[in-house]
Number of protein chains: 2
Amino acid sequence: MEEGTSKSASYSEGTEDPYDACQWDVREGCEVRQILDRIADKWSLLVVALLASRRMRFTELLREVDGVSQRMLTVTLRQLERDGLVERTVYPVVPPRVEYELTSLGVTLHSAVQSLVVWTETHQVEIASARAAYDRAQQALESDHGRTDPAPGAGARRAR
Amino acid sequence: MEEGTSKSASYSEGTEDPYDACQWDVREGCEVRQILDRIADKWSLLVVALLASRRMRFTELLREVDGVSQRMLTVTLRQLERDGLVERTVYPVVPPRVEYELTSLGVTLHSAVQSLVVWTETHQVEIASARAAYDRAQQALESDHGRTDPAPGAGARRAR
DNA sequence: CAGTATCCTGAACGATACTG
DNA sequence: CAGTATCGTTCAGGATACTG
C-alpha cells in the first residue's frame, strides 16, 4: 500500500484553543489541512455526492462515477471509511455484495460542501469572463511586447 | 479526463434516470470541477485566507505562507488572478513593488470556504476517533488472519 | 462481485540560476 | 523586489492482471 495518507500518524488531538479563523491557514500541521485535502481529492466529493442520494454497491459506483479506476475507487472508499464518512457493509452471500452509504457525519460533510457548489454555480460566469479577460490581456501583451507605453496612466496599473 | 462525461443509460437498468438535481458531480466538463480543483489546490486557499485579512506584497506572501516555493507562489497567484479572485497591482517604482488583494469575488469565495473550515474544526475530533477505530479494526484483522470464522452473525457485518 | 498486487507514466512540485 | 526559465525528482493515479 503505497497510497494514502500516513496512517498511524499520531497527532495531538484534544481540546486545543480554538484559534480564530485567521489562523487556520498558516498552521500546516493543523487537522484542517488534512480534511481539506480529503475534500479536495479528485474523487471523494463525487463519491460522497452519489452516496448522498442513495446507498450503492461497489460496481454501481464504478459505473456512475465513470472516469474513476477500480483502484482509485477502492482507495477513495477506504479513506472515506477510515474518516468515518461512509460505512461499508458486507453481505456474506456467494457473489460478494458490498454496499456503501454515508454516515451521519458524511451527510453533514455533504451539506457543507453544497455551499461551495452553490458558490461555484453562482459565480461560474464571472469566473469564465475573468479568464477570458485575462487571456485577452495576455494576448495583447504578446503582440505589444515591442511597443512603447501607450496608456500613460501615471498611477499603478492593473493586470500588468 | 478529457471527456467521457456522457454515460448514456445504455444498459437495461430499469426506468429511473440515474440522477436528478445532483448532477454537478458527474459532469467532468462542468466548471464546478475546475473551481473545486482550484480550491483544492495546496496553496490557493492559504493565499486567499492571508489576503482576506489584508493586501500583501509578493515577498510578504512568500514569508507568510512559508513552505511555498517562489515558483509555486507565482503560479498560484497567476491562477487566482486569472480566475478573477485576486487583483495584482504594480507600482512603477524603482525597486518593483507589487501588491495583491482579494477582489470582491475572492472575498465571497473566502466566506464560502469558511463554512468548510468550520465544518472541519467542528468534526475533527469525530474524524480522529473514527480513524483510530478503523486502524484498531485493521490491527485486529491482521492478528486474526489465520483464524476461522469466530462470529457467525448470519447477517451483514460492518467494517469488513 | 469486489477487490488486491504490480508496473508505469506524466504532471506537479521544489531547487536553483538568471533578469529587468 | 518580483519575478521567469530550466532541470530533476517524486508520486498520484491509470492500466492491467490476478484472486477469494
Side-chain angles (χ1 to χ4, degrees), chain A residues 1-6 28 37-38 40-44 46-47 55-81 86-101 138 141-142 145-146 148-149 156-157 159-160, chain B residues 1-4 11 28 34 37-38 40-44 46-47 55-81 86-101 138 141-142 145-146 148-149 156-157 159-160:
Chain A
M1 184 191 292
E2 67 281 6
E3 310 280 342
T5 50
S6 55
E28 309 257 335
D37 282 342
R38 176 102 329 124
D41 176 307
K42 190 177 179 184
W43 305 114
S44 294
L46 284 291
V47 171
R55 66 206 316 262
M56 296 174 78
R57 301 178 57 171
F58 184 85
T59 315
E60 263 186 299
L61 284 168
L62 202 57
R63 244 186 295 106
E64 296 292 334
V65 177
D66 161 274
V68 72
S69 64
Q70 205 175 34
R71 199 181 73 95
M72 286 317 294
L73 181 56
T74 302
V75 170
T76 301
L77 286 169
R78 287 288 175 280
Q79 290 175 336
L80 293 173
E81 188 193 357
V86 310
E87 179 158 327
R88 179 175 181 270
T89 310
V90 181
Y91 297 92
V93 293
V94 47
R97 180 185 184 89
V98 179
E99 289 189 347
Y100 293 90
E101 66 187 312
Q138 291 308 299
L141 250 227
E142 307 269 289
H145 67 70
T148 50
D149 187 12
R157 303 215 307 289
R160 73 129 141 216
Chain B
M1 61 184 66
E2 42 287 332
E3 16 114 29
Y11 54 92
E28 309 255 334
Q34 289 182 50
D37 282 342
R38 176 102 329 126
D41 175 310
K42 190 176 178 184
W43 305 114
S44 294
L46 284 290
V47 171
R55 65 207 317 262
M56 295 174 79
R57 302 179 57 171
F58 184 85
T59 314
E60 262 186 300
L61 285 167
L62 202 56
R63 243 185 296 107
E64 296 291 332
V65 177
D66 161 273
V68 72
S69 64
Q70 203 175 35
R71 199 182 76 94
M72 287 316 294
L73 181 57
T74 302
V75 170
T76 300
L77 286 169
R78 288 288 174 278
Q79 290 174 337
L80 293 173
E81 188 192 357
V86 311
E87 179 158 326
R88 179 174 181 269
T89 309
V90 181
Y91 297 92
V93 293
V94 46
R97 179 185 184 88
V98 179
E99 289 191 349
Y100 294 89
E101 66 188 312
Q138 291 308 299
L141 249 229
E142 308 268 290
H145 68 71
T148 51
D149 187 12
R157 303 214 306 287
R160 71 127 140 217

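Letters go in sequence order (proteins before strands), and every chain restarts at 1.
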Pairs: protein N or O with nucleotides 14-19 of chain C N or O, under 3.5 Å:
from    : atom 1 : to     : atom 2 : distance (Å)
dG14(C) : OP2    : S69(B) : OG     : 3.3
dG14(C) : O6     : R71(B) : NE     : 3.4

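- One interatomic measurement links the two molecules: CG of L73(A) to P of dA5(C), which rounds to 17 Å at whole-angstrom precision.
- Remark: R97(A) engages E99(A) in a side-chain hydrogen bond (donor to acceptor under 3.5 Å, both in side chains) (not counting sequence neighbours).
- A close approach under 4.0 Å does occur between a side-chain nitrogen or oxygen of R57(A) and OP1 or OP2 of dA2(C).
- The CE atom of M56(A) sits 15 Å away from the C1' atom of dA2(C) (whole-angstrom rounding).
- A sub-4.0 Å separation between OP1 or OP2 of dC1(C) and a side-chain N or O of Y100(A) is absent.
- Secondary-structure annotation of DNA chain D gives the stems C:1-20 with D:1-20, with a stem taken as at least 3 successive Watson-Crick or G-U pairs whose two distances both fall under 3.5 Å.
- R38(B) meets the salt bridge (Lys or Arg N to Asp or Glu O under 4.0 Å) test with D83(B); sequence neighbours excluded.
- Look at CD on Q79(B): it is 15 Å from P on dG3(D), rounded to the nearest Å.
- Mapped onto DNA chain C by nearest heavy atom, P96(A) and T74(A) fall at different nucleotides, with P96(A) at the one closer to the 5' end.
- Residues passing the side-chain contact (heavy atoms from CB on, under 4.5 Å) test with Q70(B) are F58(B), L62(B), sequence neighbours excluded.
- Although no hydrogens or angles enter the test, the distance criterion places a donor-acceptor pair under 3.5 Å between the side chain of E60(A) and the main chain of R57(A).
- By the side-chain contact (heavy atoms from CB on, under 4.5 Å) test, S69(A) pairs with R71(A), M72(A), sequence neighbours left out.
- Annotation: side chain of Y91(B) is not in contact with side chain of V98(B) (no heavy-atom distance under 4.5 Å).
- For dG3(D), the OP1/OP2 oxygens have a side-chain nitrogen or oxygen of R88(B) closer than 4.0 Å.
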